[in-house]
Amino acid sequence: MNRKTIVFYGGGNMASAIISKMVTSDWSGEDIHVIDRNTEKLERFSKQFGVQVHDKPGSWMAQIDSVVLAVKPQQLPDAIASAKEWMDEALIISIAAGVRIEDLRAMLGQNRICRAMPNTPMKIGKGVCGLYATAEADEDHLFIVKVFAACGDLIWCDKEEMLEGVTAVSGSGPAYVFRFIEALENAGIRYGFNEVQARRLAIATVLGSAELARQSDEPPAELRAKVTSKGGTTYEALKVMQERGFMEMMQDAMDACRRRSAELGEAFHENLESKKD
Ligand SMILES: NC(=O)C1=CN([C@@H]2O[C@H](COP(=O)(O)OP(=O)(O)OC[C@H]3O[C@@H](n4cnc5c(N)ncnc54)[C@H](O)[C@@H]3O)[C@@H](O)[C@H]2O)C=CC1
Ligand SMILES: O=C(O)[C@@H]1CCC=N1
């Protein structure tokens, strides 16, 4: 693939996570641009990653191959309006949670669009990102993979709505796992370990189990069964989890997340429609 240029509109947490891995792969900082109104953030991007920084869009964007929309959903209309004239020819990659392609198309006036739902472990190359692109972006799949490849695993969705499911499982998922780590750590402290030891116990357990699950041919349910001796200790813990409805609770939590993602998308859509009148 020829050298291509990319702009991140919004230099926040996610842009930083993605760019930090891009510059360790075959991307040069010279080909990556970041727009943010916060000049301190821009300085950090320039120093840490050697990328090109800008406090606003402008005619310098005219030759750009792709723009990653990495602002918060509510910041998106203003950001797009300010750069629209220079994005006609670019592939647009939006990471904004919930914002639908039909609305991106309406704001951009073009349809070469990919929606992505990344997660924060991308910062260390261990993330997972759901992707969905329009037919107009069919030729861009290789490029899209090149943007995210160093960040972790990539899963293409057959339908756009499946991205709401990606948000529920893996986009917001790191927060559930951190919550679980907090629970393990709190128990460790209650059992007499200091905070550092308790955190080590908790993190090593989650990390080791995830890595074992990744390397094993057996599904997680079998790996669980192997820890659970008949009449033993694990059984007692899992029994409490079952009595308290752990699996149902997790399902309800993810349903709520998915619903919220759809609601945010709908609210965004209605807001956009109301401005048309
Ligand atoms: N944080 C997460 O775990 C995930 C976030 N997302 C999505 O990623 C997007 C970005 O999220 P974060 O990086 O967490 O947000 P953030 O708030 O850290 O970054 C947004 C950046 O955009 C800049 N900005 C906003 N409007 C601007 C404008 N008009 N001109 C110039 N700069 C502007 C802000 O100064 C800020 O630095 C959101 O749409 C979110 O839904 C997606 C997956 C996971
Ligand atoms: O909480 C949020 O809205 C964003 C989207 C996925 C993870 N964080």
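Just follow the structure's listing: the first ligand is 1, and inside any ligand the first atom is 1.
At under 3.5 Å, not a single nitrogen or oxygen of A79, backbone or side chain, sits near a nitrogen or oxygen of ligand 1. For a threshold of 3.5 Å applied to N or O pairs, the pair formed by D36 and ligand 1 contains at least one separation below that value.
At a distance under 4.0 Å, no protein heavy atom can be found next to atom 4 (C) of ligand 2.
Ranking protein heavy atoms by distance to atom 2 (C) of ligand 2, first place goes to S172 OG, 4.9 Å. With respect to atom 2 (C) of ligand 1, the closest heavy atom belonging to the protein is M14 SD, 3.6 Å. The single protein non-hydrogen atom nearest to atom 14 (O) of ligand 1 is K72 NZ, 3.4 Å, given as residue, atom name and distance. In terms of protein heavy-atom proximity, atom 30 (N) of ligand 1 is closest to Y9 CE2, 3.5 Å. Protein heavy atom nearest atom 22 (O) of ligand 1, with residue, atom name and distance: G10 CA, 3.4 Å. When only non-hydrogen protein atoms are considered, atom 7 (C) of ligand 2 lies nearest to G171 O, 3.5 Å.
Counting the atoms of ligand 1 from 1 in the order shown, those under 4.0 Å from a heavy atom of A97 are 39 (O), 41 (O). Atoms of ligand 1 lying under 4.0 Å from any heavy atom of T120, numbered from 1 in the order shown and given with element: 3 (O). Taking a cut-off of under 4.0 Å to the non-hydrogen atoms of A70, the atoms of ligand 1 that pass are 10 (C), 20 (C). Ligand 1 places these atoms under 4.0 Å from at least one heavy atom of Q75: 25 (C), 26 (N). Less than 4.0 angstrom separates some heavy atom of G12 from each of these atoms of ligand 1: 13 (O), 16 (P), 18 (O), 19 (O), 21 (C), 37 (O). Atoms of ligand 1 lying under 4.0 Å from any heavy atom of P118, numbered from 1 in the order shown and given with element: 42 (C), 43 (C), 44 (C).
Proximity of A96 to ligand 1, defined as any heavy-atom pair under 4.0 Å, is shared by backbone and side chain alike. Contacts between K41 and ligand 1 below 4.0 angstrom, taking non-hydrogen atoms only, involve the side chain exclusively. Of all the heavy atoms of P174, none lies under 4.0 Å from any atom of ligand 1, so neither backbone nor side chain is involved.
For the pair T134 (side chain) and I113 (backbone), a donor-acceptor distance under 3.5 Å is present. Put simply, the side chain of D65 gets close to the backbone of T5: a donor and an acceptor are under 3.5 Å apart. Proximity of a side-chain donor or acceptor of T24 to a complementary backbone N or O of K21 within less than 3.5 Å is detected.
The shortest non-hydrogen separation linking E195 to I189 is CG-CD1, 3.8 Å. The shortest heavy-atom contact between M122 and F148 is CE-CD2, 3.9 Å. Closest heavy-atom contact between S66 and I93: OG-CD1, 3.9 Å. When all heavy atoms are compared, the tightest approach of L42 to V34 is CD2-O, 3.8 Å.
Proximity annotation for atom 33 (C) of ligand 1: of R37, Q74, M117, H54, R37 comes nearest, heavy atoms only. Within the set T39, V71, I95, N13, the minimum heavy-atom distance to atom 39 (O) of ligand 1 is found for V71.
For the salt bridge (Lys or Arg N to Asp or Glu O under 4.0 Å) test, residues two or more places apart in sequence or in another chain that qualify with E30 are R3.
Between E161 and K159, none of the side-chain N atoms (NZ, or NE/NH1/NH2) sits under 4.0 Å from a carboxylate O, so this pair counts as no salt bridge.
The one candidate from Y9, W86, F8, W60 that meets the ring pair (Phe, Tyr, Trp, His ring centres under 6.0 Å) condition with H54 is W60.
A donor-acceptor contact under 3.5 angstrom links the side chains of D255 and Q251, judged on distance only.
Using bins of under 30°, 30° to 60° and over 60° for the plane-to-plane angle, the ring pair F246/F180 lands in the tilted bin.
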